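To start, the structure under review is shown below, and the notes come after it.
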Amino acid sequence: QVQLVESGGGLVQAGGSLSVSCTASGSTFDINAMGWYRQAPGKQRDLVASIGNGGTTNYADSVKGRFTISRDNAKNTVYLQMSSLKPEDTAVYYCAALSVRHLRWTYWGQGTQVTVSS
């Protein structure tokens, strides 16, 4: 099993910046990629950004150019730096890990709230 613990998030004004981080522990050998999803009230959970073990990144169109995902493999930690934040970025942000065995997003953090005020 893999445990994911998130930190960061909070309240920021539109146009501001915020970062969240997530540290994995346990059977980290089972992690292929790590990523961030978000879910706003009444909406589905969507992938925001992901990063593979080799450093390949992927972003949702809505955050390209504003969000940056990075990873410290030695610390089993993934970061999401968010800038030029908009009210529509308000959501609960979930850290996720893609399992090598299951080839799907198997492991999830507890979620951290990001609120952008207008």
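Being a predicted model, the structure only gives us computed values, none of them experimental.
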[Y] reachable from [X] in the ILVMFWY side-chain graph, under 4.5 Å edges:
X: Leu47; Y: Leu4; result: no
X: Val116; Y: Val92; result: no
X: Tyr94; Y: Val2; result: no
X: Val78; Y: Leu98; result: no
X: Ile51; Y: Trp108; result: no

What is the distance from atom [atom1] of [X] to atom [atom2] of [Y], rounded to the nearest 0.5 Å?
X: Tyr59; Y: Ile69; atom1: OH; atom2: CD1; result: 6.5 Å
X: Met34; Y: Asn53; atom1: CE; atom2: CG; result: 9.5 Å
X: Glu6; Y: Gln110; atom1: CD; atom2: CD; result: 4.0 Å
X: Gln81; Y: Ser70; atom1: CD; atom2: OG; result: 8.5 Å
X: Arg38; Y: Thr90; atom1: CZ; atom2: OG1; result: 9.0 Å
X: Ser50; Y: Leu80; atom1: OG; atom2: CG; result: 11.0 Å

- Item | Trp105 and Tyr37: CA distance, side-chain angles, deciding distance, ring pair (Phe, Tyr, Trp, His ring centres under 6.0 Å) verdict | CA-CA 10 Å; Trp105 296 97; Tyr37 279 71; 5.7 Å; yes
- Task: Would you confirm whether Thr106, through its side chain, and Arg104, through its main-chain N or O, come within 3.5 Å as a donor-acceptor pair?
- Result: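 The answer is yes, because a donor-acceptor pair under 3.5 Å joins these two groups.
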- Message: When you measure from the side chain of Arg66 to the backbone of Ser62, do you find a donor-acceptor pair of N or O atoms at a distance under 3.5 Å?
- Response: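 Checked: pair present.
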Using every non-hydrogen atom in the two residues, find where [X] and [Y] come nearest and quote the distance to one decimal.
X: His102; Y: Ser99; answer: N-OG, 3.0 Å
X: Ser84; Y: Ser17; answer: N-OG, 4.4 Å
X: Ala97; Y: Ile31; answer: CB-CG1, 4.0 Å

- Message: Evaluate Thr23 against Lys75 for side chain to side chain contact (heavy atoms under 4.5 Å, CB included), listing each step before the verdict.
- Response: CA-CA 7 Å; Thr23 299; Lys75 297 181 178 180; over 6 Å; no
- Task: Might you work through the side chain to side chain donor-acceptor pair (under 3.5 Å) test for Ser21 and Thr77, ending with a clear yes or no?
- Result: CA-CA 7 Å; Ser21 63; Thr77 299; over 6 Å; no
- Test Asp89 against Phe67 for side chain to side chain contact (heavy atoms under 4.5 Å, CB included), laying out the working first. CA-CA 11 Å; Asp89 293 317; Phe67 289 14; 3.9 Å; yes
- Message: With heavy-atom distances below 4.5 Å as the criterion, would you say the side chains of Cys22 and Trp36 are in contact?
- Response: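 Heavy-atom side-chain distance check passes, below 4.5 Å.
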- Does any non-hydrogen side-chain atom of Asp30 lie less than 4.5 Å from one of Tyr107?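 SC-SC contact between Tyr107 and Asp30 confirmed.
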- Item | Any donor-acceptor N or O pair under 3.5 Å, side chains Arg71, Asn76 |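 Arg71 vs Asn76: no donor-acceptor pair found between side chains.
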